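Data first, discussion second: the structure below is written as structure tokens.
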Amino acid sequence: MKASLSGNLATMGPGVPYAIAAKFCWPGRPVIAMVGDGAMQMNGINGLITIAKYWEQWEDPRLIIGVLNNQDLNQVTWEQRVLAGDPEYEVTQDIPDVRFADHARKLGLEGIRVERPESVAEAWDTALAADRPVVLDFVTDPSVPPLPPHISIEQAREFWKSMLKGDPHMKGVFRQTARDMVANVTGRVPGVGRS
Ligand SMILES: Cc1ncc(C[n+]2csc(CCOP(=O)(O)OP(=O)(O)O)c2C)c(N)n1
Ligand SMILES: [Mg+2]
């Protein structure tokens, strides 16, 4: 198996083009890309047109694009909370709920929208057994803190500041943070649900 990341700058946009390049290099092997919905809106959906043009030439047609659709530019939202103490600024951070699976189907590809945790495994099974490229549109929760297990005092302080200033997702963020803390103690993966 080979893997590629967008690099230390967390550059948005390479996921789908890299996956297309991988298919041209190894047309006989399945390729999986995992991308954010912001990146998918920037250039990923255009890449689907390229995929629709070429996929029938590939010996193994499986190319799975998994989109983490949290309707948010989430990495930056959390940086602003934890590094600057700023609540989510909806004007710049919220992005539309694009129906990526519908878009894929319009292009002749397969598309599956996954809205519940119980549907995740079946969606992967379907995509891995499909006779064409598939877009898996996973609806995910922007309130889950994407933080390392140990955070610094400064990060904790800025986090609290961002909440106390009136973050629009405060309730959901507290709920998911509490779930994470319980999971850390019990070792169980917390349930997922949009807040
Ligand atoms: C080309 C580019 N533009 C902007 C940024 C700054 N940036 C880093 S992460 C991010 C948000 C990414 O949003 P999304 O793709 O939806 O992924 P999420 O963090 O929500 O999982 C932004 C704007 C970047 N790294 N690269
Ligand atoms: Mg996002």
Side-chain angles (χ1 to χ4, degrees), residues 3-22 31-51 63-104 109 111-117 119-120 123-124 127 133-149 151 155 158-159 162-163 167-177 179-180 183 189-195:
S4 199
L5 284 172
S6 60
N8 291 339
L9 294 174
T11 310
M12 295 167 73
V16 173
Y18 281 10
I20 294 169
V31 170
I32 298 173
M34 292 302 299
V35 301
D37 55 338
M40 194 65 184
Q41 290 182 29
M42 267 170 49
N43 66 343
I45 47 178
N46 304 330
L48 296 183
I49 298 171
T50 307
I51 295 168
L63 197 184
I64 303 170
I65 314 271
V67 187
L68 298 171
N69 187 350
N70 51 19
Q71 293 152 54
D72 188 51
L73 298 174
N74 202 240
Q75 180 178 327
V76 172
T77 300
W78 277 96
E79 278 173 357
Q80 290 172 342
R81 284 179 179 134
V82 178
L83 300 181
D86 290 334
E88 193 214 1
Y89 188 49
E90 289 171 292
V91 179
T92 60
Q93 299 312 108
D94 279 3
I95 55 175
D97 179 14
V98 173
R99 298 285 165 147
F100 299 107
D102 293 349
H103 192 66
L109 311 175
I112 303 171
R113 173 132 165 140
V114 184
E115 296 188 327
R116 299 157 57 84
S119 311
V120 170
W124 277 112
V134 181
V135 171
L136 294 177
D137 182 14
F138 294 108
V139 177
T140 57
D141 188 343
S143 299
V144 177
L147 301 175
I151 61 170
Q155 289 170 337
E158 297 306 316
F159 167 75
S162 73
M163 292 297 120
D167 192 285
H169 288 283
M170 182 164 65
K171 255 172 66 184
V173 168
F174 280 146
R175 186 163 55 236
Q176 293 293 6
T177 305
R179 279 182 180 171
D180 268 15
V189 177
V192 184
R194 199 173 158 76
S195 305

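Both ligands and their constituent atoms are indexed starting at 1 by order of listing. All of these numbers come straight from a predicted model, not from anything done at the bench. Numbering starts at 1 and runs along the sequence shown.
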* Sub-4.0 Å heavy-atom contact, T11 with ligand 1 -> yes
Do any nitrogen or oxygen atoms of [X] come within less than 3.5 Å of a nitrogen or oxygen of ligand 1?
| X | value |
| --- | --- |
| M42 | no |
| L73 | no |
| A10 | yes |
| G38 | yes |

* To do: For residues Q176 and P145, determine if any side-chain heavy atom of one lies less than 4.5 Å from a side-chain heavy atom of the other.
  => yes
* Would you indicate whether the side-chain heavy atoms of M40 and L68 approach each other to under 4.5 Å? => no
* Please could you name the atoms of ligand 1 that N74 approaches to less than 4.0 Å, counting only its heavy atoms? => 18 (P), 19 (O), 20 (O)
* Structure fact -> Numbered in order shown, the ligand 1 atoms found under 4.0 Å of a heavy atom of Q75 are 9 (S), 19 (O)
* Could you walk me through whether H169 and T77 pass side chain to side chain contact (heavy atoms under 4.5 Å, CB included), step by step? => CA-CA 11 Å; H169 288 283; T77 300; over 6 Å; no
Among all protein heavy atoms, pick out the one at the shortest distance from [atom]; state its residue, atom name and that distance to 0.1 Å.
| atom | result |
| --- | --- |
| atom 3 (N) of ligand 1 | M12 SD, 3.7 Å |
| atom 8 (C) of ligand 1 | V76 CG2, 3.9 Å |
| atom 17 (O) of ligand 1 | G36 CA, 3.7 Å |
| atom 21 (O) of ligand 1 | N70 ND2, 3.7 Å |
| atom 15 (O) of ligand 1 | A39 N, 3.0 Å |

Please check this pair: side chain of [X] against backbone of [Y], looking for a donor-acceptor N/O pair closer than 3.5 Å.
| X | Y | answer |
| --- | --- | --- |
| E158 | G85 | yes |
| Q75 | P146 | no |
| N69 | D37 | no |
| N74 | P142 | yes |

* Should we count OH of Y89 as having more than 12 external heavy atoms under 6.0 Å? -> no
* Asked: Closest approach of L73 and T92, non-hydrogen atoms and distance?
  -> CD1-O, 3.6 Å
* Smallest separation among heavy atoms of G111 and A101, with atom names -> C-CB, 3.4 Å
* To do: Answer with side chain, backbone, both or neither: which part of D72 has a heavy atom less than 4.0 angstrom from an atom of ligand 1?
  => backbone
* Do the ring planes of F159 and W78 sit parallel (below 30°), tilted (30 to 60°) or perpendicular (above 60°)? -> parallel
* Asked: Given the rule in the side chain to side chain contact (heavy atoms under 4.5 Å, CB included) test, do D102 and R113 qualify, once you have shown the distances and angles that lead to the verdict?
  -> CA-CA 8 Å; D102 293 349; R113 173 132 165 140; over 6 Å; no
* Structure fact -> The number of protein N, O or S atoms lying under 2.8 Å from the Mg ion (ligand 2) is 3
